[in-house]
Amino acid sequence: MSMRRALHFVFKVGDRVRTATFYRDVLGMKVLRHEEFEEGCKATCNGPYDGKWSKTMVGFGPEENHFVAELTYNYGIGEYQLGNDFLGLTLQSSQAVSNAKRLGWPLAQVEEALYLTHAPGGYPFYIVDKDQPPHDPVQKVSLGVSDLHRSTHYWATLLGMTVMEKSEKNKTVLLGFADSQCKLELRDISGTVDHGTAFGRIAFSCPREQLPGIEALMKTENQKILTPLVSLDTPGKATVEVVILADPDGHEICFVGDEAFRQLSAVDHKGSELLDKAMAEDKSDEWFAKHNKQKAAA
């Protein structure tokens, strides 16, 4: 399982301009690539929506060795309802703390050298106020679960992650495929997990040859498969194969073939320019205002 690696978390965004400001100017991430699509994704990467949407990958470095954020924007959706499923992304960057203070971005200190802020849409981000490390600053993604023992079995025994830490006091388990990668923290919320309409998706890569085996294992274990092995096309780029799963609490998990994904995820140095161009050409807010309508709230 050491050949598997954590890739990204998918966030649905309703306000692309403020979202770009948060990731670029507050956190200090770079736009790694930006893509526009005229119709919905076969693997529902943009959620259960048809029509025009965009995908923007942002991070502190290349996707081949950094955990990044995938920002999906549906042109007709203005906001999404948060649940209690996504509990935060933790990163280390004193520069991000300074940026937030300088820009007046809401920031709350939760303990010594640890701050809480929120991305547009309400997604929580925890920032460790220490110098940004030379490797990936993103430390962990925290997800809420209803039964910590059951979820640990799923992620460790079935998906092959290593249990790295346990805390009975905090009701948490920290897992990962390698010390050098972003970790997954499962936190028992002592109740039902509600995904709202803003539900995200965490993605991992593995050798392409492992994908059929992952699908077969989930069938054998009577676990949910949201999208059986399928090929996804990106115009002008590599075609990747994915299997989409759901854990016992309904958290979506994407496994993608690593070889093709490394080609697809190559940094596009025009990514930021393409995002700015798309935002400038996006007249959807103006159209809705002109017709005295509001964008849909998912």
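Only this structure's heavy atoms are used, side chains among them; waters, hydrogens and symmetry mates stay out.
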Under 3.5 Å, is there a donor on one side chain and an acceptor on the other for [X] and [Y]?
| X | Y | value |
| --- | --- | --- |
| R262 | S205 | no |
| T56 | R16 | no |
| Y126 | E111 | no |

Transitively linked via ILVMFWY side-chain contacts under 4.5 Å: [X] with [Y]?
| X | Y | result |
| --- | --- | --- |
| V68 | M29 | no |
| L148 | L158 | yes |
| V13 | L82 | yes |
| L71 | M279 | yes |
| I127 | L103 | yes |

Subject >> Cationic N near anionic O, under 4.0 Å, E185 to R187 >> reply: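 So E185 pairs with R187 through a salt bridge.
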
Original post:
Does a salt bridge link K219 with E215, judged by any charged N lying under 4.0 Å from a carboxylate O?
Top reply: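 Counted as a salt bridge, because a side-chain N and a carboxylate O are separated by less than 4.0 Å.
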
Subject >> Heavy-atom side-chain proximity of E259 to P207 below 4.5 angstrom >> reply: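 E259 vs P207: side chains touch.
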
Using only atom types and a distance under 3.5 Å, with no angle test, would you say the side chain of [X] pairs donor to acceptor with the backbone of [Y]?
| X | Y | value |
| --- | --- | --- |
| D249 | H251 | no |
| E241 | R208 | no |
| W53 | E39 | yes |
| K283 | A280 | yes |
| K42 | L232 | no |
| Q263 | K237 | no |
| N46 | T72 | no |
| D15 | V17 | yes |
| H66 | P62 | yes |
| D129 | A113 | no |

So, for [X] and [Y], which heavy atoms are closest and what is the spacing to 0.1 Å?
| X | Y | result |
| --- | --- | --- |
| G257 | L211 | N-CD1, 3.7 Å |
| F261 | E63 | CZ-OE1, 3.5 Å |
| L143 | L87 | C-CD1, 3.9 Å |
| A43 | V242 | CB-CG2, 4.3 Å |
| R33 | A266 | CD-O, 4.2 Å |
| C45 | R201 | CA-NH1, 3.7 Å |

**OP:** Take L159 and L245 through the side chain to side chain contact (heavy atoms under 4.5 Å, CB included) test and state the conclusion after the steps.
**Re:** CA-CA 11 Å; L159 295 187; L245 313 173; 4.0 Å; yes

**OP:** Give me the one residue out of T90, L91, L175 that meets side chain to side chain contact (heavy atoms under 4.5 Å, CB included) with K140.
**Re:**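 Exactly one pass, corresponding to T90.
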
Give a yes or no on this: more than 12 heavy atoms of other residues, nucleotides or ligands lie within 6.0 Å of atom [atom1] of [X].
| X | atom1 | value |
| --- | --- | --- |
| E165 | CD | no |
| K30 | NZ | no |
| K270 | NZ | no |

Subject >> Passing option when W105 is tested against F22, F125, Y115, Y23 for ring pair (Phe, Tyr, Trp, His ring centres under 6.0 Å) >> reply: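 For W105, the ring pair (Phe, Tyr, Trp, His ring centres under 6.0 Å) test succeeds with only one of F22, F125, Y115, Y23, which is F22.
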
Original post:
Given F86, which of F11, Y80, F199 fulfils the ring pair (Phe, Tyr, Trp, His ring centres under 6.0 Å) condition?
Top reply: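 Of all the options given, the one that passes is F11.
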
